[in-house]
Protein chains: 2
Amino acid sequence: MVAADAGVSRATVSRVVNGSPKVRPEVVESVNAAIERLNYVPNRAARSLASHHTQSVALIVPGDMTKFFGDPYFAAVVQGITNRLDESDYTLNLLVASSDPRHKTMRYLRSGNVDGALVISHHTGDDFVANLETAMPVVFGGRPTNHSGRNNYFVDVDNIAGAVSGVQHLIDLGRRRIGTITGPVDMPAGIDRLTGFRHALDEAGLPGDAIEHGDFTAAGAAAATRRLLERHPDVDALFVASDLMAVGTMGVLAEKGRLVPRDIAVVSFDDSPAATSGPISLTTVSQPSKEMGFAMADLLLRLLADDEAVPHHNIMPTRLVLRESA
Amino acid sequence: MVAADAGVSRATVSRVVNGSPKVRPEVVESVNAAIERLNYVPNRAARSLASHHTQSVALIVPGDMTKFFGDPYFAAVVQGITNRLDESDYTLNLLVASSDPRHKTMRYLRSGNVDGALVISHHTGDDFVANLETAMPVVFGGRPTNHSGRNNYFVDVDNIAGAVSGVQHLIDLGRRRIGTITGPVDMPAGIDRLTGFRHALDEAGLPGDAIEHGDFTAAGAAAATRRLLERHPDVDALFVASDLMAVGTMGVLAEKGRLVPRDIAVVSFDDSPAATSGPISLTTVSQPSKEMGFAMADLLLRLLADDEAVPHHNIMPTRLVLRESA
DNA sequence: TCCGACCGCGAGAGCGCTCTCGTCGAGAGC
DNA sequence: GCTCTCGACGAGAGCGCTCTCGCGGTCGGA
């Protein structure tokens, strides 16, 4: 094998491969040469067995994956994650946190098959996840609901500030009857964006009662928009909690003959590809989705590397992107 | 460990865990009891090391993942895959087939880190994949372009027949000037749907020249639709090669004031959530996305189990779903 | 000059399984 | 009743790494 070829012991090869500083540069050199020459790739299984870690991390997504992956926002986050992981030699394992047979996933996770986990779109009630945290480092995408302990790591955007900036833009435009289609109110992102909506309106002394709840899907938002229009026909602006939902909203508005932005101005959230796919491009609160994914993976990797002083959370800024809808 | 607890040798425990028939039922019984009692979970790394297989398969997606995952159709396929895998004890590794550093992914794959691979949305020119096939079983989602050898396994839908049924519906409706927004013509799905479009029109003696190419994204389709409308203002029906693209098309039609279905009838392909998310629900050629994913995983698993007589391909039927747009 | 500290490296023992053999006992055949 | 066969199980050798020790050589200080 490599050791013989380089004229050193297997232990030294191991040291070189693992980047130990306790090897003379010239030896490192010759070992690397031998590795190159023999096209050697260390065996992952053997490595795991001996070292007690697996070099792989789990990506845990909610059970109804279609809702998850169908959203370009999440797609971008995943992209960011893989980008970061590609630079390391960690592998991504895709797991579904189906609530039903949680045992199977949980058993898998807890029996040392992954070194850490990335959790996205986590609803309340998944105590499943809390359980996980006792077994390995976990990084959340979006602030977890049960933001209990010091051991909570997550990356998120400032949803409140983002929502405020979006709604403020509507106010600055002179709109006075502003409604919102919220995200699920059992998810922090949904809650925070609603909070920001209220803040901005309170601040301006405007009524904040035109609220309908959506579920981060286009169809759900369409239904919510219908309800809102029925109850508050006088709205002249809408803050929609995600681009994908805004697509549903725009459909209903078109159907009802309400012109955007003339009759109703619309601001949404995400700045995903969905924002520019429709006939009217959306003014939206941009969040750096890919960067968030990247940051999540980065945080987890640093945790796994026993990096001291890893920040517990990474709150990224939003930016209002002006387009046609408002 | 378990062996001691059950009063047998480790070899026998191994046999039981792996379902060998050469063990007496009563022994199986007591070993299983011991496993239950001790909450034993076999160590994956050790197992891999000794047995030379990893119990994990790769899901290889194209580099621009956003395009991939942003499409609800693919989301459903992935869901089907995980559903099947959940029944086994195989794990899914998500890999990106970025064309640039193909070496890294390839090295990973070829050095025994996965037992098999699932490849989706494979463009021409990824000879990268052909390479893969020499190293492990590979199952494609959609007929691969270089459908060369006997060693090609894939599951697909009958895109030609599906397209014919969709276009035929338009003809039956009395439309005589039918155009199409195609998928990428370097992908079999794009090609076949176009072929079906032409077949149906030829059959009916109608002109089949109103063609613009899209790329399976809403934005691309919007642009293509604009071009088409400009070159052929007289079209009275459109066959759009995917729901997501149809969303873009519908936007442009609304913008141009063309009423659907009155002025222009639209039939698309997929029957993904995107088909019902807009203001006008889409008549679409439904393909069993989730089932396809399931079938892909199932095929691969059977290949890995050395199942004799595994069909080389699994062509699933389509079904026209009538909604508002045509 | 001698001693101890320290640094770079090799020897060798596992990590937790699988799998090939070999053994032992029970039933079949004579 | 004796051998022969065959099926169920155990013994034990790896699988390809990592990691702890400890050894030898070098260097600085007294």
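Reminder, nothing fancy here: chain letters follow the sequence lines and each chain counts from 1. Worth knowing before you read on, the calculation uses all heavy atoms, side chains too, and leaves out hydrogens, waters and symmetry mates.
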Correct closest heavy-atom pair for A:F154 and A:P144 would be CD2-CD, 3.5 Å
Residue pair B:H312, B:N152: steps toward the side chain to side chain contact (heavy atoms under 4.5 Å, CB included) verdict = CA-CA 7 Å; B:H312 275 59; B:N152 250 309; 5.7 Å; no
Base, sugar-phosphate, or nothing for B:V8, non-hydrogen atoms under 4.0 angstrom?
-> sugar-phosphate
With sugar-phosphate meaning primed atoms plus P, OP1 and OP2, does A:V27 contact a base, only sugar-phosphate, or nothing at under 4.0 Å between heavy atoms?
-> sugar-phosphate
Could you identify which residues of residues 42-50 of chain B place a heavy atom less than 4.0 Å from some atom of DNA chain D, listed by residue number, or say none?
-> B:L49, B:A50
Under a 3.5 Å cut-off for both distances, is C:dA13 Watson-Crick or wobble paired, and to whom?
-> D:dT18
When rounded to whole Å, the CZ to P distance for the pair A:R24 and D:dG24 reads 17 Å
Indicate yes or no for a side-chain donor-acceptor contact from A:N43 to the backbone of A:A46 under 3.5 Å, with no hydrogens or angles considered.
-> yes
Look at the side-chain N and O atoms of B:S9 and state whether any lies under 4.0 Å from the OP1 or OP2 oxygen of D:dA11.
-> no
Close side-chain approach of B:N93 to A:L92, heavy-atom, < 4.5 Å | no
Walk along DNA chain C from 5' to 3' and tell me the first and last nucleotide with an atom closer than 4.0 Å to a non-hydrogen atom of chain B.
-> C:dG16 to C:dC19
Tell me, with the steps shown, if A:T54 and A:Y90 meet side chain to side chain donor-acceptor pair (under 3.5 Å).
-> CA-CA 8 Å; A:T54 63; A:Y90 276 83; over 6 Å; no
Hey, could you give me the CE/CD distance between B:M316 and B:E291, rounded to the nearest 0.5 Å?
-> 6.0 Å
Between OG of B:S48 and CZ of A:R44, what distance do you get to the nearest 0.5 Å?
-> 11.0 Å
The answer to which of B:S51 and A:R15 contacts DNA chain D further toward the 5' end, by nearest nucleotide, is B:S51
Could you tell me whether a side-chain N or O of A:D115 sits under 3.5 Å from a main-chain N or O of A:Q55, the two making a donor and an acceptor?
-> yes
